[in-house]
Number of protein chains: 2
Amino acid sequence: MGRWEPGARSRLRDAALALYLERGFEQTMVADIAERAGVTARTFFRHFADKREVLFDGSSELEEKSVAALEAAPATASALDAVAAALDAVAGVIGADREFARTRQTVIMVNADLRERELIKFASMSAALADRLRRRGIGDTEASLATETGTAVFRVAYERWLNATEERDLREVIRETLAQLRTLTAAG
Amino acid sequence: MGRWEPGARSRLRDAALALYLERGFEQTMVADIAERAGVTARTFFRHFADKREVLFDGSSELEEKSVAALEAAPATASALDAVAAALDAVAGVIGADREFARTRQTVIMVNADLRERELIKFASMSAALADRLRRRGIGDTEASLATETGTAVFRVAYERWLNATEERDLREVIRETLAQLRTLTAAG
DNA sequence: TCAGTGATGTCATCAGGTGACATCGGCGTG
DNA sequence: CACGCCGATGTCACCTGATGACATCACTGA
C-alpha cells in the first residue's frame, strides 16, 4: 500500500457513477472524477483502462464465474442447459441488487459508447463459454449458437427484470424467457 | 458540388480501409487517411462521425432494407419468420461480395473498438426490427427475443460463411443455422 | 537503519474530436 | 451577364482522453 488514503479504486468507481448519473457520461471529465475521489487523473487511468471501463469493473470476474458454472454442469447436459447454468450463476450475482443495477443501467442506456462496451462484455462472455463448450466436444456452430442465443435470452430477461414493477428473482425471469424462446422456435 | 475533386467520401472510405489493413486501425491516424484521400482531417469528420464509422458506412441503409423486408413479410408469418425475411434481405446485400467482407472482417476482428461498433450496429438493427414486430401486435418480450435470437443466428452464420472453404450463398447458411437452432432448443 | 517495492504525483505529449469562421465554386435568379 | 446564395472544404484554436517517462513517498522486511 502507498501513503495515501486506501481504496482509491472504489472511490473512483463511486465518484464516476455518481457524476455520470448527475450530469451525464460525456459531460463528466476524468479530471472531475479524480478530483472527487481525491486523486489525480493519471491515477484514474492506472485503475481503469478508460472512462467507460469504470462502469464494468468486476465483469471479468463475472465471466470467470460463468465459465466455472458451465464447467460444473454435468457432462450429460445439453449445450443449452450448460449455458443456462452459466447464466444462472451470472444472474445470482447481478440479480442481488436491483436498485444498483437500475441506476447503472440508467447511465448506460443513454450513451452509445457505454452501450457498446456493455455489448462487448456480453460478447466476450459468450465467446468464453463457447470455447468451453467446444472443449466438451460440442461442434463449432452449435457451441456459438448456444452461447449467442443464451446471452440473447439473458439480455432480454435482464431488461424485463429491470423494468418489472414487482421485485422478482432474475434467475426465474431467465428461465421463463428461455421457455418462451423454446415455444418461439418450435412454432415455426 | 464544390470546387474540388468529387467523391471525397468514397476516397476517404477506400483510404481508411487500405490503411487499416496495411498498418492496423490504431496505428492509422485520421490525418493519414485524409492525406491519402486528398482532403484535410476536418473534412474526414464532416463525412464520418469518428474514425471507426468509416468502416460502417451504409449500415443505416442496410437497417432500413431489413426493416422494409420485415414489413413486407405476410401478416400471418410468425415473429421468427418475419425476422428471417429481414435477415435474408441483409444477407442479399452483404453476401454479394465475400472478398470485401473478408478483408473488412479481418480489420474489424483484430480491434476491440471496431468489434464494439459492429456489435452496436447489430443491436440497433435488432431494436428496429423488434419495434416493427411490436407494431404488428407481437408482445414485448417475444419481439425482443425473436430479433435478438435472429441476429445471433445471423452472426454465427455470417462467421461460418466467411470462413467456409467453398463459396456459398450466405442466405442458405443462415437457413441452415436457423434450422440448427431449432434442433438445439428442441433438444432440451 | 536501509534498500526495495508499489501506488501515486507531475510533466509532457499525442491523437481524436468539435466549434467558429473564411473561402471557393457552382447554380439559380433577375 | 452579374449577382448573391449555398454547400463543401480549408484553416485555426481548443478541449479532452489517453499514455509514456520520471520523481516521490510510505510501508515492508531484512
Side-chain angles (χ1 to χ4, degrees), chain A residues 1-58 107-108 110-118 120, chain B residues 1-57 107-108 110-118 120-121:
Chain A
M1 294 299 157
R3 74 210 109 135
W4 299 270
E5 288 299 311
R9 186 188 188 86
S10 64
R11 283 202 320 273
L12 282 166
R13 214 189 315 114
D14 296 345
L17 180 60
L19 286 172
Y20 292 168
L21 197 61
E22 283 174 24
R23 58 175 93 156
F25 177 75
E26 285 158 7
Q27 285 66 46
T28 303
M29 277 150 284
V30 174
D32 302 334
I33 304 171
E35 190 185 6
R36 183 177 289 208
V39 295
T40 65
R42 192 69 187 84
T43 293
F44 176 91
F45 287 109
R46 288 209 178 84
H47 284 278
F48 303 101
D50 61 55
K51 198 182 157 190
R52 288 174 283 170
E53 199 60 22
V54 64
L55 282 177
F56 300 91
D57 199 29
V107 172
I108 290 178
V110 297
N111 181 273
D113 289 337
L114 291 172
R115 282 203 306 271
E116 288 188 357
R117 183 56 58 88
E118 172 112 313
I120 208 168
Chain B
M1 293 300 156
R3 74 209 109 137
W4 299 271
E5 289 299 312
R9 187 189 187 86
S10 65
R11 286 205 314 277
L12 282 166
R13 213 189 317 114
D14 296 345
L17 180 61
L19 286 171
Y20 292 168
L21 196 61
E22 284 173 23
R23 61 175 90 156
F25 177 75
E26 286 159 9
Q27 284 66 45
T28 303
M29 276 150 283
V30 174
D32 302 334
I33 303 171
E35 190 187 6
R36 183 176 289 208
V39 295
T40 65
R42 193 65 186 84
T43 293
F44 176 91
F45 289 110
R46 286 208 180 85
H47 285 277
F48 303 101
D50 61 54
K51 198 182 158 191
R52 290 172 283 172
E53 199 61 20
V54 64
L55 283 177
F56 299 92
D57 198 27
V107 172
I108 290 178
V110 298
N111 182 272
D113 288 337
L114 292 173
R115 283 203 305 271
E116 288 188 358
R117 182 57 59 90
E118 172 110 314
I120 208 167
K121 294 297 181 187

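Among the protein residues, Ala49(A) comes within range of the sugar-phosphate backbone only, with heavy atoms under 4.0 Å from sugar or phosphate atoms but none that close to a base. Within the nucleic acid shown, Thr40(B) comes within 4.0 Å of at least one base atom, counting heavy atoms only.
Contact detail for Arg117(B) and Phe56(B): the closest heavy-atom pair is CG-CE1, 3.2 Å. For Leu55(B) against Val107(B), the heavy-atom pair with the smallest separation is CD1-CG1, 3.8 Å. Residues Ala37(B) and Arg11(B) share a closest heavy-atom pair of O-NE, 2.8 Å. Scanning both residues, Ala41(B) and Ala34(B), for their nearest heavy atoms gives N-CB, 3.6 Å.
When rounded to the nearest whole Å, the span between CG of Asp50(A) and P of dT19(D) equals 8 Å. A straight line from CZ of Phe45(B) to C1' of dA15(C) spans 9 Å, rounded to a whole angstrom. Summarising the geometry, the separation between CG on Leu12(B) and P on dA8(D) is reported as 14 Å, rounded to the nearest angstrom. Following rounding to the nearest Å, Glu35(B) (CD) and dG10(D) (C1') show an atom-to-atom distance of 15 Å. Computed from coordinates, the Lys51(B) NZ to dA18(D) C1' distance equals 12 Å when rounded to whole Å. dA15(C) atom C1' lies 13 Å from atom CG of Asp113(B), rounded to whole Å. Atom CD1 of Ile33(B) and atom C1' of dG16(C) are 11 Å apart (whole Å).
The side chain of Arg46(B) lies closest to dT11(D), out of dG17(D), dT11(D), dG20(D). Taking the side chain of Ala8(B) as heavy atoms from C-beta on, and the options dT18(C), dT9(D), dT8(C), the nearest nucleotide is dT9(D). The listed nucleotides are dG17(D), dT10(C), dT9(D); the one nearest the side chain of Arg42(A) is dT10(C). The side chain of Met29(B) approaches dA15(C) more closely than any other nucleotide in the set dA15(C), dA20(C), dT10(C).
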_Between Arg23(B) and Asp32(B), does the side chain to side chain contact (heavy atoms under 4.5 Å, CB included) criterion hold? Intermediate values first, please._
CA-CA 11 Å; Arg23(B) 61 175 90 156; Asp32(B) 302 334; 2.9 Å; yes
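For DNA chain C, none of the residues of residues 18-28 of chain A falls under the heavy-atom distance limit of 4.0 Å.
Heavy-atom nearest nucleotides on DNA chain D were determined for Phe44(A) and for Gly38(B), and the one closer to the 5' end corresponds to Gly38(B).
The shortest distance between the side-chain N/O atoms of His47(B) and the OP1/OP2 oxygens of dT9(D) is below 4.0 Å. An OP1 or OP2 oxygen of dT9(D) is reached within less than 4.0 angstrom by no side-chain nitrogen or oxygen of Thr43(B).
The pair Asp113(A)-Lys51(A) does not meet the salt-bridge criterion, since no charged nitrogen lies less than 4.0 angstrom from a carboxylate oxygen. Residues Arg13(A) and Asp57(A) are paired through a salt bridge, judged by an N-O separation under 4.0 Å between the basic side chain and the carboxylate.
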